[in-house]
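Comments concern the structure below.
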Amino acid sequence: MSFEALNGFWQEGLRRLERAEPSERQALDRVVDALVVELRRRLGGPFTTAELARLYERDGIDWAFAIATRVAPATPAAWDMDTVANAAFARYVRGASDYAGGRRLDRGDG
């Protein structure tokens, strides 16, 4: 799957997060923050959009469910992977070395 398609999923996760019920938003944000920490652990130092996309394709988002239920055990809305996991990827991609202004930079290297 292309980075652009995956980024579409990720950005939709952010939009869903922004539309969340105010009473659930704090729990959802805590889960997203915890998932970003896990993404940082999984990818290590500097990374590219392609590396993040490969991680998403290889590992999927099922791993995020255990983190979500641990971080927000009393908030089932925070277990919605389409929202929290994709929002975490959307937040994390902002740190990619080839990502700026909401899009991937074309460096001419493939």
Side-chain angles (χ1 to χ4, degrees):
M1 188 174 285
S2 72
F3 166 77
E4 289 73 19
L6 290 174
N7 196 39
F9 292 136
W10 303 342
Q11 297 306 316
E12 178 58 24
L14 274 183
R15 288 188 289 276
R16 290 171 61 125
L17 181 65
E18 291 166 1
R19 293 189 307 259
E21 292 294 324
S23 61
E24 298 168 339
R25 181 62 191 263
Q26 186 176 11
L28 272 73
D29 282 331
R30 282 194 325 269
V31 169
V32 171
D33 290 345
L35 296 176
V36 166
V37 167
E38 178 61 16
L39 287 169
R40 187 173 298 116
R41 187 193 71 73
R42 287 174 179 237
L43 277 177
F47 67 97
T48 65
T49 56
E51 289 170 321
L52 187 61
R54 278 193 300 274
L55 175 77
Y56 188 91
E57 288 185 321
R58 183 188 72 222
D59 295 353
I61 56 176
D62 290 343
W63 57 268
F65 187 78
I67 294 171
T69 57
R70 186 189 71 220
V71 170
T75 311
W79 310 342
D80 177 8
M81 295 300 100
D82 287 336
T83 300
V84 294
N86 285 327
F89 274 86
R91 284 187 183 169
Y92 197 67
V93 75
R94 295 173 185 166
S97 62
D98 60 342
Y99 189 81
R103 63 184 177 85
R104 180 167 53 173
L105 301 174
D106 182 11
R107 293 189 171 169
D109 57 1

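The residues of the chain are indexed from 1 along the displayed sequence.
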Exercise. Between Asn7 and Tyr56, do the side chains contain an N or O donor and an N or O acceptor separated by less than 3.5 Å?
Worked result: no
Seminar exercise, completed: Taken to the nearest 0.5 Å, the spacing of Asp82 CG from Trp10 CH2 works out to 14.0 Å
Exercise. Is it true that a side-chain atom of Thr83 and a backbone atom of Gly13 form a donor plus acceptor pair closer than 3.5 Å?
Worked result: no
Problem set entry | Approximate separation, where rounding is to 0.5 Å, of Arg54 CZ and Leu6 CG | 12.0 Å
For this session: Step by step, work out the side-chain contact (heavy atoms from CB on, under 4.5 Å) result for Asp80 and Arg16.
Result: CA-CA 10 Å; Asp80 177 8; Arg16 290 171 61 125; 2.5 Å; yes
For this session: Provide the full list of salt bridge (Lys or Arg N to Asp or Glu O under 4.0 Å) pairs with a residue in residues 17-36, sequence neighbours left out, each pair given once.
Result: Glu12-Arg19, Arg25-Asp29, Asp29-Arg91, Asp33-Arg91
For this session: For the pair Glu51 (side chain) and Thr48 (backbone), establish whether a donor and an acceptor sit closer than 3.5 Å, ignoring hydrogens and angles.
Result: yes
For this session: Identify the heavy atoms of Leu28 and Ala20 that sit nearest to each other, and give their distance.
Result: CD2-CB, 3.9 Å
Exercise. Between Trp63 and Glu38, what is the shortest heavy-atom contact and its length?
Worked result: CZ3-CG, 3.4 Å
For this session: Evaluate side-chain contact (heavy atoms from CB on, under 4.5 Å) for Leu52 paired with Leu55, printing each intermediate quantity in order.
Result: CA-CA 5 Å; Leu52 187 61; Leu55 175 77; 4.3 Å; yes
For this session: Give me the ring orientation class for Trp79 and Phe65: parallel if the planes are under 30° apart, tilted from 30 to 60°, perpendicular past 60°.
Result: perpendicular
For this session: Determine the minimum heavy-atom distance between Leu43 and Tyr92, stating which atoms define it.
Result: CD1-CE2, 3.7 Å
Problem set entry | Exercise: identify the closest heavy-atom pair between Arg94 and Tyr99 | CA-CD2, 3.7 Å
For this session: Kindly give the heavy-atom pair with the smallest separation between Val36 and Ala88, and that separation in Å.
Result: CG2-O, 3.7 Å
For this session: Search all heavy atoms of Ala78 against all heavy atoms of Ala68 and return the closest pair with its distance.
Result: O-CB, 3.5 Å
Exercise. Short question: side chain of Glu57, backbone of Met1 - any donor-acceptor pair under 3.5 Å?
Worked result: yes
